[in-house]
Structure formats: structure tokens, C-alpha cells
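Below is one structure, written out as C-alpha cells; the observations come after it.
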Amino acid sequence: QVEGEYQPPGPAPRPAPAPRKGWRNGVGGAAVAAALIAAKFKTILAVLFSLKWLLIGSKLLLSFGSIFASIWFYALYFGWKLGVAFVLLLLVHEMGHWGVLRGFGVDVSLPYFIPGLGAFVAQKELTANNVQDASSALAGPAVGIAASGICQAYGIATGNPFWIVAAHIGYLLNLFNLIPVLPLDGGRVAGSIDPRLWMFGLVLFVAYLLFTGLNNPIAWLF
């Protein structure tokens, strides 16, 4: 190079190549992003999955699902209208049990329906004494007979025989439940007084089977 002589600029230097991103780097980046999202929303997720309404919702679904299954079953034999009325009378009966048990502070489930066999509420703990047990057992038939009376009064007032038929079915259902033999409500009342009353109830129940001609498979299941 001669001093003072013009020298043309040389070629611009090439930029250094960027480091290649392998698949490990991509997976690592995705994992970091997922971790950041999870950390950001972990509180919300924890609250959602700990809410009791998830469990309550499943119980409601099971209870109401069994109601519709029972309506379908009874509708096959009695028609939809009478099937719905029969299941509603069962529901009123079981809610009588449920309301009194809850009033006594006993943890009890919502009514569950078994097509062809009726319905029940499941106690998750025992009552405090025999009086509470007998009272909760009697509450179902008492409320059920009252509901049947309302059906009959409405049928008489409107001249619609359907509601009178529904009332008679409700009377039969609740009076049948008062036979003092387990697992009927009358059996619980009898057991609260003196379990020896179950023998009397057994005689009544056999008489019922004979009266129906021994051809009622649902009754034999009891």
C-alpha cells in the first residue's frame, strides 16, 4: 500500500452464520412455554378442579338420569302420562324422607330410582335415636299420601278421572310401604319399636303375595 494512494474498499465481510436450531431446542422451548402457561394459570386450575360443584353435578346427573329411566320403564306399561305421575309420586315420597333426615342433620343422598323397584335415599350416617329413625321413615308415606289426596281433590274438582286413578295408585304405593317388614318404611318403624313386629309384618306381606296371585315378580324381590 502506497501512502496517499486511493485504495478501493474490499468485499464486505460475511456475517457469521446463525446457530442451527435442532429439534431439541424446539422441544425445550415448547416445554418452557408450557411451564410458563401452567405456572400462570395453576391457581385457576386448582380452584376449578377443587370445586364441589363437579361432584354435586355428577350426583344430580345420576339422580335425574334414574328418574328418566324410571319414567321410560313405567311408560311402557302405563303410558307416558301415568308413568310421569307415578314417578312424581315416588319423588314426593322420597323427598319426605330426605327433608326430615336433613332436618335432623343426617347426611343423606338425593333420591335414586330403580325402574320397576321404586326409589330410595341413601343415609350416609345413622340417626341419633329410634324416634328420629321412625319419624324419617314415616315422613315418606305421610307426604306421599298427602300428595295423593291433592291429586284426588283435583280430579274431583275438574272431573278428570286420570288424577283420581293417579291418587289411588299413590295411596296403594304408600300404604304398601307401611307393611311392617324390611326393607319397607313400615319395617323401619317396627324395628324402632320392637323388631318382633317384623314377624307380624311378614304374615301381612305373605298375605299380600297370596292376594296378588303369587304372580308379582317385583314383590318377590323384596
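Bear in mind the structure is a predicted one, so any value in this text is a computation, not a measurement.
- Residues Asp133 and Leu126 are not in side-chain contact: their nearest non-hydrogen atoms beyond the backbone lie 4.5 Å or more apart.
- Counting heavy atoms from C-beta outward, Gln123 and Val106 have side chains that approach closer than 4.5 Å.
- The backbone N or O of Gln132 lies less than 3.5 Å from a partner atom in the side chain of Asn129, making a donor-acceptor pair.
- Evaluation of the side-chain hydrogen bond (donor to acceptor under 3.5 Å, both in side chains) rule for Asn174 yields His93 as partners, not counting sequence neighbours.
- Proximity of Leu175 to Ile145: side-chain heavy atoms (C-beta onward) are separated by under 4.5 Å at one or more points.
- If you chain together hydrophobic residues whose side chains sit under 4.5 Å apart, Leu197 and Leu178 fall into the same group.
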Is there a side-chain contact (heavy atoms from CB on, under 4.5 Å) between Ser135 and Phe104? Walk through the geometry before answering. CA-CA 10 Å; Ser135 299; Phe104 289 142; 4.1 Å; yes
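- Going from atom CD1 of Ile114 over to atom OG of Ser70 covers 8.5 Å, rounded to the nearest 0.5 Å.
- A donor atom on one side chain and an acceptor atom on the other are found under 3.5 Å apart for Tyr171 and Gln152.
- Using a distance-only test at 3.5 Å, with no hydrogens or angles considered, a donor-acceptor pair links the side chain of Asn177 to the main chain of Leu173.
- Within the 4.5 Å cutoff, no side-chain heavy atoms of Val121 are placed close to those of Tyr112.
- Counting only heavy atoms from C-beta outward, the side chains of Asp185 and Val189 never approach each other to under 4.5 Å.
- A chain of hydrophobic side-chain contacts below 4.5 Å, direct or via other Ile, Leu, Val, Met, Phe, Trp or Tyr residues, connects Trp80 to Val87.
- Contact between Gly105 and Glu125 at its shortest, heavy atoms only, is O-OE2, 3.3 Å.
- Minimum interatomic distance between Ser109 and Trp98 (heavy atoms only, all atoms of both residues): O-CD1, 3.1 Å.
- Nearest heavy-atom pair across Arg188 and Ser136 is NH2-OG, 2.9 Å.
- Nearest heavy atoms, Ala139 versus Val100: CB-CG2, 3.3 Å.
- The side-chain heavy atoms of Pro180 and Leu204, taken from C-beta on, include a pair separated by under 4.5 Å.
- Between Phe205 and Phe176, the two ring planes are tilted [angle within 30° to 60°].
- Classified by interplanar angle (parallel below 30°, tilted 30° to 60°, perpendicular above 60°), the ring pair Trp163/Tyr154 is perpendicular.
- In terms of the side-chain hydrogen bond (donor to acceptor under 3.5 Å, both in side chains) criterion, Asp107 has no residue partners (sequence neighbours excluded).
- Taking every heavy atom of both residues into account, Leu89 and Cys151 meet most closely at CD2-SG, 4.4 Å.
- In Phe200, the CZ atom is not crowded: 12 or fewer heavy atoms of neighbouring residues, nucleotides or ligands sit closer than 6.0 Å.
- At a threshold of 4.5 Å between side-chain heavy atoms, the hydrophobic network of Ile, Leu, Val, Met, Phe, Trp and Tyr places Phe73 and Leu82 in one connected group.
- Leu91 approaches Pro111 most closely through the heavy-atom pair CD1-CG, 4.1 Å.
- Using a 4.5 Å cut-off between side-chain heavy atoms of Ile, Leu, Val, Met, Phe, Trp and Tyr, with links allowed through other members, Leu76 and Val84 fall into the same hydrophobic cluster.
- Remark: Trp198 pairs with no residue by the ring-ring contact (aromatic ring centres under 6.0 Å, His included) rule, at least two apart or across chains.
- Connection of Phe162 to Leu88 is established within a shared hydrophobic cluster, with ILVMFWY side chains joined at heavy-atom distances below 4.5 Å, either directly or through further cluster members.
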